[in-house]
Undergrad: 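Can you read through this structure? Questions will come right after.
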Amino acid sequence: MNKVIFVVCDGLGDRPIKQLKNLTPLEAAKTSNLDKLAKEGITGLVHTVGYGIRPGSDVSHLSLFGYDTKQCYKGRGMYEALGLGMKLNKGDVAFRCNLATVKSDLTIVDRRAGRIESAEPFIKELDGALINGVRFAIQPGVMHRTAVVMSGYNLSYKVSDPDPHEIDVKAKKAMPLDNSKEAQFTADVLNRFIEFAHIKLKQNPLNKERSKKKLPEANYLLLRGAGYVEEVQSFFDKYKLSACCIAGAPLYKGIAKALGMDIIEVKGATGTLHTDLEAKFTAAKNALKRYDFVFVHIKATDSCGEDGNFAEKKKFIEKIDKAIRIISNLDDTLIVVTADHSTPCTLKTHSADPVPILMNGIGVRVDDVTKFGERACANGGLGHIIGLNVMPEIMNLLGKSQLYGN
Ligand code: ZN
């Protein structure tokens with residue numbers, strides 16, 4: 001085998017749900033294709049970042065790709081900004097950012113400004129602002145979402161989130177998180193930019209119109225997840241595998257870009273429940289002609305978990321199962337299906353519960369597991385592994401592992 005399709009179903013893992021006869025959504029779903037892949041392959045459970053660690057999607061993906069986040073993780077912002085196609089240079093600091101609604105005393109009324117259709121017309125005039133020698137770039141994402149990049153000298157990502165992550169409280173000031181001059185400088189300049197943006201946004205004629213229509217004004221920038229831009233060893237340099245990414249949501253494209261993977265844009269790949277899974281898997285199959293490693297990210301399993309909607313999660317897993325037939329009979333290709341973390345519907349957030357994994361391809365040692373599910377995979381031949389073990393296992397199955405010792 002020379003090729004890999006690596007499918008990550010975000011937040012796939014779950015816990016037993018009473019209404020599903022104490023099965024998880026994955027166990028309750030009818031998944032004949034995934035079950036066949038598991039039956040004819042090897043399975044296990046992955047603790048993506050470490051035992052008992054409740055991971056964010058950024059660190060869990062980096063770990064699955066074999067990057068030790070203790071060494072390389074410098075905040076989420078850069079991945080979001082890269083995912084929106086922003087240009088980043090070493091030393092920049094990037095943030096995720098929402099357009100939000102605040103009252104005159106900066107109390108947050110709506111963290112998403114009524115989920116405005118597009119942030120672009122509001123933020124256009126903020127892009128390129130220069131404060132104390134620091135240039136601010138801002139670009140729109142989906143709906144109220146944007147990313148902000150600070151470029152200049154002596155910047156630090158050790159600044160707190162101005163976004164308090166809740167409503168009916170006042171927006172916070174960015175604060176330095178260490179005693180460095182750089183963190184103090186970055187926090188000061190960032191606070192000035194936020195004030196400047198607030199003044200400009202209040203004056204924006206579109207907000208005057210929104211106010212007349214009694215819609216929440218998009219009058220404030222809520223920033224979070226400061227990330228420092230540093231180069232890491234590329235995926236190709238690490239594994240000598242040419243790699244590409246098929247994803248809908250910006251974060252995953254950003255992570256892939258940071259590792260030097262190419263991004264394949266697929267029409268209909270939205271990162272939502274309505275994403276075109278058939279188009280994504282067809283694109284993955286076609287990408288094997290040009291790439292050794294194809295990373296496919298599927299987001300909505302996580303969104304269903306965060307909404308606590310187990311029925312929808314089960315239904316969406318069945319959709320994945322139907323579409324995955326497209327890649328289930330390929331020659332010369334190792335199929336890996338797993339998740340970046342669990343998002344139990346009962347918790348509506350990420351948990352540290354390990355996630356199932358299957359690896360299917362010619363020559364793979366088969367275990368006795370016949371279903372793809374949390375408790376079935378607990379009996380799998382891979383056992384319990386951590387995320388950093390996944391790529392070495394893949395390299396071993398591809399016959400590309402370096403011999404250790406003599
Ligand atoms: Zn995730």
Side-chain angles (χ1 to χ4, degrees), residues 6-15 24-26 45-69 72-84 96 141-142 145 147 165 224-225 227 245-259 261 263 269-273 275 277 280 295-310 312-314 316-317 319-320 336-358 372 374 377 385-388 390-391:
F6 190 85
V7 182
V8 179
C9 305
D10 207 295
L12 175 69
D14 214 298
R15 290 183 181 176
T24 68
L26 175 60
L45 287 180
V46 190
H47 302 254
T48 50
V49 178
Y51 294 91
I53 296 176
R54 200 165 75 84
S57 293
D58 45 10
V59 291
S60 55
H61 276 79
L62 289 166
S63 300
L64 287 172
F65 292 134
Y67 289 80
D68 185 349
T69 52
C72 74
Y73 183 64
K74 298 273 160 58
R76 176 158 169 164
M78 75 170 276
Y79 303 113
E80 293 283 347
L82 276 173
L84 294 184
R96 310 166 76 185
V142 180
R145 299 182 190 93
H165 300 262
R224 65 192 191 279
C245 159
I246 294 168
L251 171 66
Y252 312 95
K253 294 183 194 174
I255 291 169
K257 268 192 194 172
L259 304 183
M261 294 184 190
I263 308 299
T270 56
T272 68
L273 271 178
T275 194
L277 293 170
K280 284 173 91 165
F295 159 43
V296 181
H297 181 266
I298 297 170
K299 178 68 186 162
T301 27
D302 177 57
S303 316
C304 293
E306 294 209 321
D307 291 342
N309 193 339
F310 57 84
E312 203 63 68
K313 190 167 178 180
K314 173 175 168 273
F316 188 72
I317 292 167
K319 254 177 93 176
I320 297 173
V336 180
V337 184
T338 189
D340 56 343
H341 51 79
S342 295
T343 307
C345 293
T346 46
L347 300 182
K348 299 186 179 179
T349 186
H350 300 187
S351 77
D353 302 280
V355 294
I357 186 168
L358 71 83
F372 188 54
E374 291 85 342
C377 290
I385 59 175
I386 60 163
L388 287 176
V390 172
M391 280 307 298

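It should be emphasised that the depicted structure is a prediction, and the values quoted were computed from it without experimental measurement. One-based numbering along the sequence shown. Scope of the values below: all heavy atoms of this structure, side chains included, with no hydrogens, waters or symmetry mates. When a ligand or atom number is given, it counts from 1 through the structure's own listing order.
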Undergrad: Which atom name would you report as the N, O or S atom of Asp340 nearest the Zn ion (ligand 1)?
TA: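 The atom in question is OD2.
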Undergrad: Return the name of the atom in Asp10, of element N, O or S, nearest to the Zn ion (ligand 1).
TA: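 Per the distance ranking, Asp10 contributes OD1 as its closest N/O/S atom to the Zn ion (ligand 1).
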Undergrad: Do the rings of Tyr252 and His297 sit parallel, tilted or perpendicular, given the 30° and 60° boundaries?
TA: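 Plane angle under 30°, so parallel.
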Undergrad: Are Leu273 and Cys304 side-chain neighbours, meaning at least one heavy-atom pair lies under 4.5 Å?
TA: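 SC-SC contact between Leu273 and Cys304 confirmed.
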Undergrad: Examine Ser57 and say whether one of its N/O/S atoms is closer to the Zn ion (ligand 1) than 2.8 Å.
TA: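 An N, O or S atom of Ser57 is closer than 2.8 Å to the Zn ion (ligand 1), so yes.
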Undergrad: Between Phe65 and Phe295, what is the ring plane arrangement, given parallel below 30°, perpendicular above 60°, and tilted in between?
TA: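 Perpendicular, since the angle between the ring planes exceeds 60°.
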Undergrad: List in chain and number order the residues that pass salt bridge (charged side-chain N to carboxylate O under 4.0 Å, His left out) with Lys257, two or more places apart in sequence or in another chain; answer none if no residue qualifies.
TA: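 Expected list: none.
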Undergrad: Under 2.8 Å from the Zn ion (ligand 1), is there any N, O or S atom belonging to His350?
TA: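 So His350 does not bind the Zn ion (ligand 1) by this criterion.
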Undergrad: What N/O/S atom of His341 gets nearest to the Zn ion (ligand 1)?
TA: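 Going through the N, O and S atoms of His341 one by one, NE2 ends up nearest to the Zn ion (ligand 1).
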Undergrad: Measuring to the Zn ion (ligand 1), does Asp302 have an N/O/S atom at a distance below 2.8 Å?
TA: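 No.
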Undergrad: Is any side-chain heavy atom of Ile320 closer than 4.5 Å to a side-chain heavy atom of Thr301?
TA: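 Contact flag for Ile320/Thr301 side chains = yes.
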